[in-house]
Amino acid sequence: MDDSVSQLDSTDLLIGGERRPASDGATLPTENPATAEPLAEVPAASTADVDDAVSAARKAFRGWHSTSPDERGRLVHRVATEIREHADELARLESADQGKPLSQAESDIQGAARYFEYYAGAADKLEGKSIPVGPDQVDYTVREPYGVSGQITPWNFPGNLFARGVAPALVAGNAVVVKPAEQTPLSTIRLAELCERAGLPEGLVNVVTGYGEPTGQALAEHDGIDQLTFTGSVPTGKQIMRTAADSVTPVTLELGGKNPAIVFPDADLDNAAEWIATGIFTNVGQICSAADRVLVHESVHDELLDRLVEIVEDYTVGAGLEDPDIGPLVSEEQFEKVAEYIELGRSNDVDTVTGGETIGRPGHFVEPTIFANVERTSRLACEEIFGPVLATLSFSETSEAVSIANDLDYGLVAGVFTSDLTRALRLTQQIEAGNVYVNKWFGDTNQTPFGGYKQSGIGREKGLEALESYLQTKNVAIDLGDGTDLPGG
Ligand code: NAI
Ligand code: MG
């Protein structure tokens, strides 16, 4: 077992500052995806445990809401300090549990610290407005927290996404209950411990590990949850939204993508190939904003592919802790899903330019794979694979590229590669996606809003805009006049 796992104080639930097993003693195993061997057992929280976590959060919320904003900011900033002090151990834990290459886990954890720093500075700047409605009324708005935020996170960036949701929720004055994905609970458990060490009040950050059902479902439908943040698949996001409708609970959903990278003949093809390879093969393609499909002008299709193949054939494969380029997929389930798409490509006579095989070693490894000239309407071109599988399509006219890019119900991110600035700017206007990159991929930082158009989601993560998900507006009207005029006249 990796040291980072044995150093965990406990893998129990964290409810109201207490560590405890599930009320019915149920557990679930989390494995090391590089070996498919169990790494640790964590509690599988029951509905009663979720009740307790929500009550603990409600209690902590009252005190936190009345804590001065500058003090809230200071405490949240201390979480960043704790994360930075434990960054190596956290990265090893993430890499062991999730499978990702160690240097990618390190970058995720630095990003997690950065979320706490970034939002800490906003704690005392959440200002309302004064609205000039005339001499007879003073009118202003106050931005208030919702109360208890329920956060359901996925397995692809567990530690980083914990921070992405928890930091703005806390800074806005909310308490949180977090349900990490069953495949990758360990970094969340550790990060919640570090929140306590940083001095956050007991019960402000609670963790209920468990499966989607009943644990996630119990959180989504809980009456005591005032706001829900979810990142994951489109079907589960829709299910959560339907559940939340019953109690009119606002949701922030960050869902999937099938993100186009559009490459024009005047692009710097070396740069495009580097970014596209990084865009699709980082975290073995298990990224909602992966560069899943390349739309490349027919005159440079083969040239771009040659460069991509050259990059991919240099990749090393191995366990995350060995810091290869390509680690394992997170689970057997994900492996089977990706293997099915690879099989689909091979059986449909699509041109397999590189890869196209699973890797026969313990753990869930598949080769980085590129399928060329796939049919525009084929499953490979339209469905989110969430694995190291790139599909290329060629186009001749710009309008055709835009139409292929916008064809799907997804609209998370897109990239344009060209040296013609006017063309790039036109495309940024025409593409239906929440984020558009020009001559790069992954152009997001902690400071920039991130989220989807269409079925890729609702609301924005990251940046100051994410705070909107955690604040509601109260308008205060104070009478200065002596009449009783009705409004709207
Ligand atoms: P999922 O969306 O079902 O799981 C994400 C989280 O939701 C996990 O914590 C899970 O326990 C929880 N969950 C599942 N069912 C729930 C329910 N009924 N109520 C409340 N919470 C529930 O995704 P899954 O099954 O792990 O992966 C399936 C596919 O989803 C992947 O192959 C990939 O295509 C996509 N995905 C997208 C992600 C993104 O970043 N947008 C992240 C993870 C998966
Ligand atoms: Mg695991």
Side-chain angles (χ1 to χ4, degrees), residues 2 5 11 28-42 44-45 47 50 93-100 150-158 160-162 164-165 178-189 207-222 225 228-244 251 253-259 283-290 292 320 327-338 340-341 363-364 383-387 389 410 412-413 450-452 455-457 461:
D2 188 73
V5 179
T11 54
L28 65 87
T30 180
E31 63 162 36
N32 175 352
T35 58
E37 296 290 333
L39 198 59
E41 290 276 328
V42 303
T47 303
V50 172
L93 189 64
E94 192 80 308
S95 177
D97 197 16
Q98 201 276 348
K100 65 178 59 193
Q151 308 220 343
I152 299 172
T153 58
W155 42 257
N156 53 345
F157 288 83
N160 188 270
L161 297 187
F162 169 93
R164 186 176 82 174
V178 184
K179 209 268 327 147
E182 53 272 32
Q183 298 85 351
T184 55
L186 299 183
S187 58
T188 298
I189 290 170
V207 174
V208 285
T209 48
Y211 293 104
E213 290 179 38
T215 314
Q217 179 70 20
L219 191 60
E221 68 191 17
H222 203 288
I225 290 290
L228 277 166
T229 293
F230 170 79
T231 301
S233 66
V234 174
T236 303
K238 288 181 179 174
Q239 167 69 28
I240 284 175
M241 195 171 169
R242 275 191 289 267
T243 304
V251 292
L253 304 176
E254 201 254 274
L255 308 177
K258 182 74 175 177
N259 310 297
N283 205 17
V284 275
Q286 301 169 125
I287 306 188
C288 51
S289 54
D292 310 287
L329 291 159
V330 73
S331 63
E332 182 61 23
E333 197 184 358
Q334 196 60 23
F335 173 85
E336 277 166 15
K337 176 179 166 185
V338 174
E340 188 195 323
Y341 280 103
H364 316 299
E383 296 178 11
E384 180 180 65
I385 300 174
F386 233 63
V389 181
Y410 290 117
L412 193 57
V413 311
F450 181 84
Q455 293 194 21
S456 289
E461 306 281 354

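Numbers here are sequence positions counted from 1. All ligand and atom numbering here is 1-based and tracks the order in the structure.
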**OP:** Under 4.0 Å from a heavy atom of Cys288: give me the atoms of ligand 1 that qualify, with their elements.
**Re:** 39 (C), 40 (O), 41 (N)
Original post:
Of all heavy-atom pairs between Asn259 and Ala290, which one has the smallest distance, and what is that distance?
Top reply: ND2-O, 2.8 Å
Subject >> Nearest option to atom 40 (O) of ligand 1, as decided by whichever heavy atom of Thr153, Leu255, Asn156, Ile240 sits closest >> reply: Asn156
Subject >> Among Glu182, Gln217, Arg242, closest by any non-hydrogen atom to atom 11 (O) of ligand 1 >> reply: Glu182
Original post:
Any idea which part of Lys337 is under 4.0 Å from ligand 1, heavy-atom wise: side chain, backbone, both or neither?
Top reply: side chain
**OP:** Can you label the angle between the His364 ring and the Phe335 ring as parallel, tilted or perpendicular, going by 30° and 60°?
**Re:** tilted
Original post:
Does the N or O separation between Gln334 and ligand 1 drop below 3.5 Å for any pair?
Top reply: yes
**OP:** May I ask you to list the atoms of ligand 1 that are less than 4.0 angstrom from any heavy atom of Glu213?
**Re:** 18 (N)
**OP:** Take atom 25 (O) of ligand 1 and look for protein heavy atoms under 4.0 Å from it; say yes if you find one, no if not.
**Re:** no
**OP:** Number the atoms of ligand 1 from 1 as they appear, then name those within less than 4.0 Å of a heavy atom of Gly216, with their elements.
**Re:** 19 (N), 20 (C), 21 (N)
**OP:** Pick one of side chain, backbone, both or neither for how Ala220 approaches ligand 1, counting any non-hydrogen atom pair under 4.0 Å.
**Re:** neither
**OP:** Nearest heavy atom to atom 37 (C) of ligand 1 wins, so pick from Phe386, Tyr211, Phe230.
**Re:** Phe386
Original post:
Does a donor on one side chain and an acceptor on the other come within less than 3.5 Å for Gln286 and Lys100?
Top reply: no
Original post:
N/O to N/O below 3.5 Å, does that happen between Gly212 and ligand 1?
Top reply: yes
Exercise answer: donor-acceptor pairs, residues 211-220 side-chain atoms, under 3.5 Å, sequence neighbours excluded:
unit_1 : atom_1 : unit_2 : atom_2 : d
Thr215 : OG1    : Ala45  : O      : 2.7
Gln217 : NE2    : Glu221 : OE1    : 3.1

**OP:** Give the atoms of ligand 1, by number and element, whose distance to some non-hydrogen atom of Ile152 is under 4.0 Å.
**Re:** 6 (C), 7 (O), 9 (O), 12 (C), 20 (C), 21 (N)
Original post:
Where the closest heavy atom to atom 1 (P) of ligand 1 is concerned, which of Ser289, Ser233, Gly285, Gly232 has it?
Top reply: Ser233
Subject >> Closest candidate by heavy atom, reference atom 43 (C) of ligand 1, pool Gly387, Ala218, Pro154 >> reply: Pro154
Original post:
At what distance is the nearest protein heavy atom to atom 15 (N) of ligand 1, and which residue and atom is it?
Top reply: Thr236 CG2, 3.5 Å
Original post:
Do Glu384 and ligand 1 have an N or O pair less than 3.5 Å apart?
Top reply: yes
**OP:** Please say whether more than 12 non-hydrogen atoms of neighbouring residues, nucleotides or ligands are located less than 6.0 Å from CD in Glu41.
**Re:** yes
Original post:
Under 3.5 Å, N or O to N or O, is Lys179 touching ligand 1 that way?
Top reply: yes
**OP:** Using 2.8 Å as a strict upper limit, say whether an N, O or S atom of Thr30 approaches the Mg ion (ligand 2) that closely.
**Re:** yes
Original post:
Of the backbone atoms (N, CA, C, O) and the side-chain heavy atoms from C-beta on, which set of Trp155 has a member under 4.0 Å from an atom of ligand 1: side chain, backbone, both, or neither?
Top reply: side chain
**OP:** Check whether any N, O or S atom of Gln183 sits under 2.8 Å from the Mg ion (ligand 2).
**Re:** yes
